[in-house]
Each structure stands twice: as C-alpha cells, then as structure tokens.
Amino acid sequence: NRRARMLGGAALIAVGAFAIFSQFADVHLLALLIVPLTGLLLLTWGAAVRGNGLLIAGGILFGIGVGLALNQTLLSGFNDSIQAGVLLISFAAGWFMITILSFFFARKRLWWPLIPGGVLILVGLPTGNQMVNYVFTYGWPLALLLVGVLLLFGNFKSPKKDKDGF
C-alpha cells in the first residue's frame with residue numbers, strides 16, 4: 001500500500017542521510033547512535049503500519065543499541081561484569097518493549113517476547129552485586145510505573161483477528 005511504501009522510503013532516506021552525515025561528523029558519537037536510532041526508526045515504522053515484524057526488529061535493535069551506548073559512555077569506568085549485565089538487561093528491555101508496544105500499535109498482541117526477555121533478565125542480573133543492588137533499588141518503582149501505564153491505557157479486549165484467523 002502507498003502509506004507503507006512512503007514510510008519505507010522515508011526510513012531508507014533517513015538511514016542513508018545519517019550514513020552520509022556520519023562521514024563528516026564525530027564518528028564515535030554517531031557509531032553509538034546508529035543502532036538505537038535504527039531501532040527507533042523501525043519501532044516508529046512498525047507502529048505506523050501496525051506491523052509486528054517491524055516492532056520485533058526495532059525492539060531488539062533499540063535494546064541492544066541502548067545497552068551498547070550506555071556501556072561506552074556512562075558506564076565506561078565500570079568493570080566488565082557490570083557492563084555485561086547492563087547490556088543483557090537493556091537487551092531484555094527491548095524484548096519487553098515489543099510486548100508493550102504490540103498492545104498499542106499492532107494487529108496482534110505478542111506475548112512470546114516475554115520469554116527471551118525474562119531469560120535475559122535472569123542471566124543479566126547476577127553479573128555483579130552493584131548492578132543487582134541498583135536494579136532492585138531503582139528498578140521496581142519503574143516497573144510499577146510501567147505496569148500502571150499499561151493498565152490505564154492498555155486495551156484488554158480481545159484483538160480482532162486478521163482475515164487469516166491470526
């Protein structure tokens with residue numbers, strides 16, 4: 001359809017312009033931003049066309065990209081186990097984002113991304129005592145906020161089935 005083609009064309013133009021601009025700008029900063037911005041672009045595109053595949057790719061790229069950017073900037077002085085934990089937890093957040101966004105923007109709700117996200121959280125949390133303390137100190141209020149927003153704005157009626165029955 002025309003709308004999907006226009007969004008796809010705009011996405012390709014944005015990525016191409018970013019790649020050309022990166023030839024003349026601070027490469028380190030742009031290298032840190034290319035993965036999360038590509039993920040954000042795919043998430044936006046997926047929300048606009050209500051496509052699950054784009055939400056999945058965007059959530060994964062955004063989660064990994066944020067973790068990489070955090071490790072290279074704010075957490076560069078921390079030890080490797082803390083950085084590994086942050087990357088895994090950020091990656092898990094990307095998987096959780098897929099489920100949350102599918103409630104608002106997709107034709108079909110996706111519950112299965114909670115499985116890889118949960119596994120990544122379980123693997124990422126015990127990587128360092130400092131990280132576990134930080135997550136349990138500050139993470140649970142954030143989780144309460146996210147669940148509250150989901151309850152307030154989520155649509156819990158059964159979604160309409162596609163013409164294929166899915």
Side-chain angles (χ1 to χ4, degrees), residues 1-74 86-121 124 135 138-139 141-166:
N1 86 33
R2 181 173 165 78
R3 182 176 174 197
R5 277 197 340 261
M6 289 183 67
L7 286 169
L12 292 174
I13 290 169
V15 170
F18 185 79
I20 289 171
F21 178 72
S22 70
Q23 302 298 318
F24 306 103
D26 180 14
V27 176
H28 181 69
L29 175 64
L30 291 174
L32 291 175
L33 295 178
I34 190 74
V35 176
L37 287 178
T38 303
L40 189 60
L41 181 69
L42 289 171
L43 287 170
T44 304
W45 186 6
V49 299
R50 302 178 60 81
N52 287 336
L54 293 166
L55 290 178
I56 294 166
I60 291 169
L61 282 177
F62 187 75
I64 291 174
V66 168
L68 291 172
L70 284 173
N71 283 340
Q72 294 297 314
T73 56
L74 299 175
V86 167
L87 182 62
L88 289 171
I89 291 169
S90 177
F91 190 22
W95 286 99
F96 293 141
M97 186 185 311
I98 296 165
T99 297
I100 293 168
L101 291 176
S102 74
F103 272 78
F104 297 104
F105 299 111
R107 291 183 187 101
K108 181 179 178 187
R109 293 185 188 143
L110 301 175
W111 291 100
W112 65 264
L114 296 176
I115 297 168
V119 170
L120 288 166
I121 285 285
V135 167
Y138 300 106
L142 182 61
L144 290 177
L145 289 172
L146 290 174
V147 170
V149 167
L150 183 64
L151 289 174
L152 284 175
F153 299 108
N155 179 9
F156 292 101
K157 295 178 185 175
S158 68
K160 295 180 181 178
K161 294 184 178 185
D162 291 342
K163 61 184 172 187
D164 298 331
F166 295 104

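Keep in mind the model is a prediction, meaning the values are calculated, not measured. Index from 1, following the sequence.
- When all heavy atoms of P36 and G65 are compared, the closest pair comes out as CD-CA, 3.6 Å.
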Next on the checklist: Test side-chain contact (heavy atoms from CB on, under 4.5 Å) on L68 and L32; report intermediate values, then the result.
Outcome noted: CA-CA 7 Å; L68 291 172; L32 291 175; 5.6 Å; no

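- Checked options L43, I98, L42, L61; the residue passing with I56 is I98 (criterion: side chain to side chain contact (heavy atoms under 4.5 Å, CB included)).
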Checklist entry - Stepwise, does the side-chain contact (heavy atoms from CB on, under 4.5 Å) test hold for W95 with L114? => result CA-CA 7 Å; W95 286 99; L114 296 176; over 6 Å; no

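- From L101, atom CG reaches atom CG of L54 across 12.0 Å, with rounding to the nearest 0.5 Å.
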Next on the checklist: Is there a side-chain contact (heavy atoms from CB on, under 4.5 Å) between F62 and L37? Walk through the geometry before answering.
Outcome noted: CA-CA 7 Å; F62 187 75; L37 287 178; over 6 Å; no

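- I60 contributes atom CD1, which lies 11.0 Å from atom CG of L55 (distance to the nearest 0.5 angstrom).
- Although no hydrogens or angles enter the test, the distance criterion places no donor-acceptor pair under 3.5 Å between the side chain of S90 and the main chain of V86.
- F91 places none of its side-chain heavy atoms less than 4.5 Å from the side chain of V66.
- Taken from OG in S102 to CE in M97, the straight-line distance is 12.5 Å, to the nearest 0.5 Å.
- The distance from atom CD1 of I100 to atom CG of L110, rounded to the nearest 0.5 Å, is 12.0 Å.
- Summarising the geometry of R107 relative to R50, their closest heavy-atom pair is NH1-O, 3.3 Å, with the distance given to 0.1 Å.
- Across all non-hydrogen atoms, the minimal contact from G117 to A92 is O-CB, 3.3 Å.
- Inter-residue side-chain proximity for L146 and F96 is flagged as unmet; no heavy-atom pair is nearer than 4.5 Å.
- When every heavy atom of T38 is checked against every heavy atom of I34, the shortest pair comes out as OG1-O, 2.6 Å.
- The six-membered or imidazole ring of F105 lies away from that of W45, with a centre-to-centre distance of 6.0 Å or more.
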